Trainee: 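Please read through the structure below; I'll follow up with questions.
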Amino acid sequence: MELSVIPKPASVKYTRGVFKSPGIPSIIKKEGGIDGDALSGCDAPAGCAAPEEAYQLKITKKSITLQAPSPAGMFNGEQTIRQLVMSELKDGHLVLPCAEITDYPRFSWRGFMLDCSRYFYSVPFIKNLIDVLAMHHINRFHWHLTDDQGWRLPVKEFPLLADIGSKRHDSRIPARNVTGNFYTEDEIRDVVEFAASRHTEIIPEADLPGHASAILACYPGLGCTGGPYRVEDRFGIFEDVLCAGNDHIFDLAAAVFDALCGLFPSKWVHIGGDEVLFNRWKECPKCRKRQKELKLKKTGELQSWITFRLARMLADRGKTAIGWDEILEDSPKYRLPKDTVIMSWRGNKSGIRAASGAGGLAHDVIMSPNTEGCYLDYKHINVPEEPGQIYAGASSVYMSYSMDPAPASMGKEASARILGGQGNLWSEFIYAGKIAEYMIFPRICAIAETVWTPRKEKDFEDFSRRLIVHRERLDKLGVQQYRGTLR
Ligand code: ACM
Ligand code: ZN
């Protein structure tokens, strides 16, 4: 009899005998550090929270004891027990093999991103998802709150963002998206508080200066052409972005950051920065004037200048900026502040470059490569019947499992700057939470193991066997999951 848990604990040592309990057992909880020897196999990159989040679980014939140095570690241990009870409590009886589990994370950032612009997920759905993810030790929820197709964040000084920017007119998709919606401050506080109870930190994203159609529809003066603009009901990348020659875009950013800082305790704010087209800036007299004043050779360097200013505005508010890897394409004049975190999505090359300090500026990095199983909006397999996108090809559970945020080929110094990894669900092709779950599970289970379990303990065949047991847990939780081929 084996203990089947996802993600796989760092170490499980079986001892003789079994623990039996009629019903759910009481757990003896002890606060205390995990001894150094037990953590000796830890290959967590330097600076990671491994010892802080560690726990030890001792199952003897008589009792179950959980020991951890922190509430986060205790919570992680409880999630392992939760999984065991879910799968091993049968006909009212729990039977577990005696064992000693010592467990700790490989990475401190174990993330998931939900795009709530293209599809507006309800608060109960988001809370339930955070809870299920936390069962897998996923501890960062990246909340993508703004995009061309809908602005979901109330901002007092710019009230039209929520009033107008949250609504699009699209007859092809269900009514709740057509009428539009945003999360109220109370709802956001409720989600943040709930997430904290699951030891999950919420990192909000306001995507700037591209993916800005919803902003421009509300405040057309912030665009290069003056509009008219609309909240997009098409998907893709759009030429209209915030005008780099207009100082008021920073008034908007300041108001958005103030709103985010008031609602989210996280030290990080994600500023997006992906897929910014420069066509409008090339034509716009105000942008050209700005480029000349700043003595920038290329139009695209205006983005570096904007990113530099946004990061500084966040620093003034005690926050650290995270951006998609495009923000690395920087200007020699406006280098990214050193503490800016790079989220590598166009494969892992940008992330490796940022972490390695190429060009003299080393950044902390979160790996979320679309080419390696981290884009959960991609089809599970490439057949017409499957929902999802095909960009970089289908994206199997095996690919998600094989992703390594800090592969062995990466030097020690660079590995130490990898905070962890993340799966992302973009929602262009999602029109119900249940479809979202089908795209997320079980690939996120594989990613959870990749960012939690020591590399030497990973084994896809073993994972696949444990997944059979784990699927029943997801069923009990009412979570949809893809059930086809894993490779
Ligand atoms: C992205 O997928 N545009 C970050
Ligand atoms: Zn302009």
Side-chain angles (χ1 to χ4, degrees), residues 111-118 142-149 203 205-213 215-216 219-227 229 232 235-250 252 270-294 296 299-303 305-307 322-329 341-351 365-378 388-392 395 421-430 439:
F112 171 77
M113 187 213 77
L114 189 66
D115 167 10
C116 293
S117 169
R118 276 61 173 265
H142 168 178
W143 201 353
H144 187 78
L145 284 164
T146 78
D147 218 304
D148 296 292
Q149 293 82 5
I203 295 87
E205 177 184 354
D207 203 345
L208 303 166
H211 287 290
S213 304
I215 303 174
L216 297 178
Y219 300 101
L222 298 181
C224 290
T225 66
Y229 307 105
E232 274 299 341
F235 295 120
I237 304 172
F238 301 95
E239 290 192 329
D240 288 301
V241 301
L242 299 185
C243 174
N246 186 340
D247 286 332
H248 291 307
I249 66 171
F250 297 107
L252 174 111
H270 202 303
I271 57 171
D274 57 319
E275 300 177 319
V276 183
L277 298 179
F278 305 137
N279 308 16
R280 292 282 189 249
W281 292 353
K282 283 186 182 135
E283 305 291 325
C284 169
K286 279 184 281 189
C287 287
R288 288 162 70 127
K289 182 162 170 272
R290 175 86 78 197
Q291 187 183 336
K292 208 164 157 195
E293 280 166 6
L294 295 172
L296 302 176
T299 311
E301 291 180 58
L302 285 168
Q303 185 179 353
W305 172 72
I306 291 173
T307 306
I322 304 178
W324 297 108
D325 61 60
E326 284 93 333
I327 66 167
L328 264 181
E329 289 163 12
V341 179
I342 302 300
M343 194 168 265
S344 191
W345 74 277
R346 297 174 301 175
N348 62 7
K349 283 199 179 66
S350 300
V365 167
I366 298 152
M367 287 293 191
S368 191
N370 65 338
T371 49
E372 294 181 48
C374 289
Y375 266 44
L376 306 181
D377 56 320
Y378 292 174
Q389 313 220 47
I390 287 281
Y391 275 154
S395 201
Q422 177 171 303
N424 299 329
L425 186 74
W426 299 101
S427 302
E428 286 95 332
F429 292 89
I430 310 285
M439 303 309 287

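Computation of the quantities below employed the complete heavy-atom set of this structure, encompassing side-chain atoms and omitting hydrogens, waters and symmetry-equivalent molecules. Every number for a ligand or one of its atoms is a count from 1 in the order of the listing. Computed from a predicted model, the values in this text were never measured in an experiment. The chain is numbered in sequence order, starting from 1.
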Trainee: Check each atom of ligand 1 against the heavy atoms of Trp426 and keep those under 4.0 Å away; list them by number with element.
Mentor: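 This gives 1 (C), 2 (O), 4 (C) as the contact atoms.
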Trainee: For the pair Trp324 and Trp345, name the ring-plane relationship: parallel under 30°, tilted 30 to 60°, perpendicular over 60°.
Mentor: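 Answer is perpendicular, since the angle exceeds 60°.
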Trainee: For Asp115 and Glu428: C-alpha separation, side-chain torsions, deciding distance, then whether side chain to side chain contact (heavy atoms under 4.5 Å, CB included) applies.
Mentor: CA-CA 9 Å; Asp115 167 10; Glu428 286 95 332; 4.2 Å; yes
Trainee: Surrounding CZ of Arg288 (heavy atoms of other residues, nucleotides or ligands, distance under 6.0 Å), is the total greater than 12?
Mentor: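 Incorrect, the count does not exceed 12.
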Trainee: Looking only at protein heavy atoms, identify the closest one to atom 3 (N) of ligand 1 and say how far it is in Å.
Mentor: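 The protein heavy atom lying closest is Asp274 OD2, 2.7 Å.
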Trainee: Could you tell me which atoms of ligand 1, counted from 1 in the order shown, lie closer than 4.0 angstrom to a heavy atom of Trp324?
Mentor: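 Checking each atom against Trp324, I get 4 (C).
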Trainee: Please check whether Glu275 reaches ligand 1 - meaning an N/O of the residue sits under 3.5 Å from an N/O of the ligand, judged on distance alone.
Mentor: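 Between Glu275 and ligand 1, an N or O pair is found under 3.5 Å apart.
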Trainee: Could you check whether any side-chain heavy atom of Ile327 comes within less than 4.5 Å of a side-chain heavy atom of Gln303, counting everything from C-beta outward?
Mentor: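 Yes - at least one pair of side-chain heavy atoms lies under 4.5 Å apart.
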Trainee: Are Arg290 and Asp247 within salt-bridge range, i.e. N to O under 4.0 Å?
Mentor: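 The answer is yes: the pair qualifies as a salt bridge.
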Trainee: Do ligand 1 and Tyr375 have nitrogen or oxygen atoms that lie under 3.5 Å from each other?
Mentor: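 Checking ligand 1 against Tyr375, an N or O pair does fall under 3.5 Å apart.
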Trainee: Check each of His144, Arg118, Met439 against Leu425 using the side-chain contact (heavy atoms from CB on, under 4.5 Å) test, and report the only one that passes.
Mentor: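 So, applying the side-chain contact (heavy atoms from CB on, under 4.5 Å) to Leu425 and each of His144, Arg118, Met439, only Met439 qualifies.
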Trainee: Kindly write out the residues that satisfy salt bridge (charged side-chain N to carboxylate O under 4.0 Å, His left out) with Glu372, not counting sequence neighbours, or none if the list is empty.
Mentor: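 In terms of salt bridge (charged side-chain N to carboxylate O under 4.0 Å, His left out), with neighbours along the sequence ignored, Glu372 is linked to no residue.
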Trainee: Counting no waters, what protein N/O/S atoms lie under 2.8 Å from the Zn ion (ligand 2)?
Mentor: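 Only Cys224 SG, Cys243 SG, Cys284 SG, Cys287 SG fall inside 2.8 Å of the Zn ion (ligand 2).
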Trainee: Does NZ in Lys286 sit with more than 12 non-hydrogen atoms of other residues, nucleotides or ligands closer than 6.0 Å?
Mentor: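 Enclosed: over 12 neighbouring heavy atoms sit under 6.0 Å from NZ of Lys286.
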